[in-house]
Amino acid sequence: MENALATTGGVPAATAPASSGFANPLTQIGGIMKNPAVKRSLPMIFIVGLVLSAALAWMALATPPQRVLFPQLPDSDKQAVVDALGAAKITSHVDDSGGITVAEDDYHRARILLAGQGLPKAAPGGYAILDQLPMGVSRAVEGERLRQARETELAKSIGEIESVADARVHLAMPESSVFVRDNAQPSASVIVRLEPGRSLTQAQVRSIVNLVASSVPGMKADQVTIIDQMGALLSKPTDGSEGSTLSDERIDYQRRIEDKYRAQLNTLLTPLLGANNFSAEIQADVDLDQSQATRESYDKQGVVRAEQGNWQGNTPGETTPGGIPGALSNTPPAASTLATATPGPAGATVQPGTAPGATPPVKTSENFNRAYDLGKEVSVTRAAPGSIRRLSVAVLLREPEGAKPRTPAEIQQINDLVKAAVGYNQQRQDTVTVISRKFSPEATATDVARPWYDADWVPLAARNGTALVIALLVLFMGVRPMVKAINEKRKADAAAETARIAAAEAAQQAALAAPAEAEPVSMAMLETATGYDDRVGLVRGFTRDNPTRAALAIRDMIQSDAKQ
């Protein structure tokens, strides 16, 4: 027993490496890896790790892209939204910032579903804030609540615009003062969060500015500031002059006129030439100046409006009256006789009170006051802006591939159609140019077909294909070589064991075939044997050579065990 204990090292020899193993984890791990059981399990552990890695890669690549449904919500509304989406079998996640995300394909369906259920419910909408006012609050609190209600309603109205995801409005409304110099104008700040890849046009920005300015009493449009989620200023600051605003309006008006004529040309030429077989550009010189003229004119020869006066005159051949004045004043006049009127000279003027045909009296003096009216004409002319001064139209026709070129007669017909469509006016010096040429291959390919890599199914196919390729690589480059190596190792071990057994059987048969030639085993050989197998072999040989002594030794061992 002492020799056996010394050979194996005993208990003290086993405790020393254990203590050193705890002191050095790498040494302990190395010892564990040298264990035969662990060595046999390493291939299986490696295969399981590869399968798990492939599964994780598949899950990471096969998951559709996520889209934020609500960026910030209270916990109560967040739980209600998650439960509603789960009931509708829509997978949702909560990201690190606390927002709820869903798959991009389920985004609109989730919004419609939650809107139908009235979720989220935490933020009261608009003027519903005023319904929650307790009785007896101060005037300042009422003003703040009213301002908050206006901000909420304006944010909802701005959020209805197509490119705007949501918006926030901040109103600065100073207190009114009885002193005019102390009165400050209200102002507003608007921050909008746009949809991914979308932007606001200048017309939409002006619409938001006018919406906010019209919703607050006393606010002007230049007091509204608009920025986006990236911090970019969208509203243009004004310096009080209307030059920039008028320039933008003129450019927009000119663009609308050109777009109108371009749409008319597209409607006219598309049925005749086909889509993407022509290109039309229009330059309109629009008169945007507004003029006003007033004109007054008078007639040189006036018209008598009123006349007042008298005149004196004598009849030719009349005797001077005589006698006592007033003696025969009441005597009736003599009987009159009818006489033929003698026409007077042409152009003679008959004085008032003169009988027809009688000799007109000779005017000796006159005194008249006459009032004349002069002719007056007032003309006011206002020329409205928007008239076209000159119109230039250029149309490029595409020559058909492999066909005869267009004849001048055909081009002239198309030219006449274009003139009729745009309202050609020679007095304005309008120009219309139509030519026919071959288009470049790049423009033709771009217009005819959309590149295949821009299709909607390409990202999904690439994501699933990548996950499938990774799984196949793990299977064929990791799992398959490992399984093949394990099978080869098993076959090699089985062949080695078979060869060892065959060699042992051959040695035993050789020993049995020539027992006389074997060297007899002595006690000295037993004592000098070092290995366990060598000692067992020598004991077998000693028992074969000395069966009597072996039987006596066994008897003595049995008797000694019985005595103990």
Side-chain angles (χ1 to χ4, degrees), residues 67-74 77 97-100 107-108 111 114-115 119-133 140-176 183-249 251-252 255:
R67 187 173 180 180
V68 178
L69 188 62
F70 295 107
Q72 294 179 356
L73 284 179
D77 276 352
S97 62
I100 299 178
Y107 176 78
H108 297 286
R111 291 295 295 263
L114 296 176
L119 294 175
K121 299 180 179 179
Y127 294 105
I129 301 176
L130 302 179
D131 298 336
Q132 302 175 1
L133 280 175
V141 174
E142 290 181 354
E144 289 298 320
R145 289 295 182 90
L146 179 60
R147 181 183 59 81
Q148 184 181 3
R150 287 178 177 174
E151 291 175 352
T152 306
E153 286 296 322
L154 285 174
K156 285 188 175 182
S157 300
I158 296 173
E160 296 296 329
I161 300 177
E162 180 181 2
S163 301
V164 179
D166 54 42
R168 296 188 65 184
V169 181
H170 303 280
L171 299 178
M173 304 176 64
E175 294 290 339
S176 59
N183 285 330
Q185 294 181 352
S187 60
S189 300
V190 181
I191 179 171
V192 294
R193 186 173 65 85
L194 304 178
E195 296 286 351
R198 305 297 294 273
S199 61
L200 291 177
T201 62
Q202 289 299 323
Q204 290 175 325
V205 172
R206 289 196 299 269
S207 300
I208 296 175
V209 169
N210 294 330
L211 173 65
V212 176
S214 303
S215 302
V216 180
M219 182 178 292
K220 297 182 179 180
D222 56 356
Q223 299 296 326
V224 180
T225 304
I226 303 177
I227 62 174
D228 59 3
Q229 72 270 24
M230 304 301 295
L233 181 63
L234 302 181
S235 58
K236 294 183 178 179
T238 58
D239 54 356
S241 62
E242 299 181 356
S244 59
T245 303
L246 293 178
S247 299
D248 294 340
E249 292 179 355
I251 293 174
D252 292 341
R255 184 181 297 111

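All residue numbers in this chain count up from 1 along the given sequence.
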Chemist: Quick one: closest heavy-atom pair of D228 and I191, and the distance?
Modeler: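 Heavy-atom minimum between the residues: O-CG1, 4.1 Å.
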Chemist: Measure across P174 and A184 and return the closest heavy-atom pair with its distance rounded to 0.1 Å.
Modeler: CG-O, 3.2 Å
Chemist: Rounded to the nearest 0.5 Å, what separates atom OG1 in T152 from atom NZ in K156?
Modeler: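 Between T152 OG1 and K156 NZ, I get 7.5 Å after rounding to 0.5 Å.
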Chemist: For the atom pair CG (L200) and CD1 (I208), what is the distance rounded to the nearest 0.5 Å?
Modeler: 5.0 Å
Chemist: Is a side-chain donor or acceptor of S235 paired with a backbone partner of I226 at a separation under 3.5 angstrom?
Modeler: yes
Chemist: Please list, one pair per line, the donor and acceptor atoms closer than 3.5 Å that link side chains of residues 166-173 to other protein atoms, with sequence neighbours excluded.
Modeler:
| unit_1 | atom_1 | unit_2 | atom_2 | d |
| --- | --- | --- | --- | --- |
| D166 | OD1 | R193 | NE | 3.3 |
| D166 | OD2 | R193 | NE | 3.1 |
| D166 | OD2 | R193 | NH2 | 2.8 |

Chemist: On a heavy-atom basis, which atom in Q229 and which in L194 lie closest, and how many Å separate them?
Modeler: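 Answer, listing the atom of Q229 first, then L194: OE1-N, 3.1 Å.
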Chemist: Between A221 and N210, what is the shortest heavy-atom contact and its length?
Modeler: CB-OD1, 4.2 Å
Chemist: Locate the shortest heavy-atom distance separating M219 from V224; write the atom from each residue and the value.
Modeler: SD-CG2, 3.8 Å
Chemist: For the residue pair S163 and S199, what are the closest heavy atoms and their distance?
Modeler: OG-O, 3.7 Å
Chemist: For a side chain to side chain contact (heavy atoms under 4.5 Å, CB included) check, start with the C-alpha distance between L69 and R111, then their side-chain angles and the critical distance, and finish with the verdict.
Modeler: CA-CA 8 Å; L69 188 62; R111 291 295 295 263; 3.2 Å; yes
Chemist: E144 and R147: salt bridge (Lys or Arg N to Asp or Glu O under 4.0 Å), yes or no, with the steps?
Modeler: CA-CA 5 Å; E144 289 298 320; R147 181 183 59 81; 2.5 Å; yes
Chemist: Does the pair V216 and Q223 meet the rule for a side chain to side chain contact (heavy atoms under 4.5 Å, CB included), with working shown?
Modeler: CA-CA 11 Å; V216 180; Q223 299 296 326; over 6 Å; no
Chemist: Looking at side-chain heavy atoms only, is the closest gap between I251 and Q202 below 4.5 Å?
Modeler: no
Chemist: How long is the gap from CZ on F70 to CG on L114, to the nearest 0.5 Å?
Modeler: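 Rounded to the nearest 0.5 Å, the CZ-CG separation comes out at 5.0 Å.
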Chemist: Working to the nearest 0.5 angstrom, can you tell me the gap between L234 CG and I227 CD1?
Modeler: 8.0 Å
Chemist: How would you list, by chain and number, every residue that makes a side-chain contact (heavy atoms from CB on, under 4.5 Å) with A115, sequence neighbours excluded?
Modeler: none
Chemist: With sequence neighbours excluded, tell me which residues meet side-chain contact (heavy atoms from CB on, under 4.5 Å) with S214.
Modeler: none
Chemist: Excluding sequence neighbours, so at least two apart, what forms salt bridge (charged side-chain N to carboxylate O under 4.0 Å, His left out) with E195?
Modeler: R67
Chemist: Just jot down the salt bridge (charged side-chain N to carboxylate O under 4.0 Å, His left out) partners of E162, sequence neighbours excluded, or say none.
Modeler: R198
Chemist: Go through the structure and list residues passing side-chain contact (heavy atoms from CB on, under 4.5 Å) with S215, not counting sequence neighbours.
Modeler: L154, L211
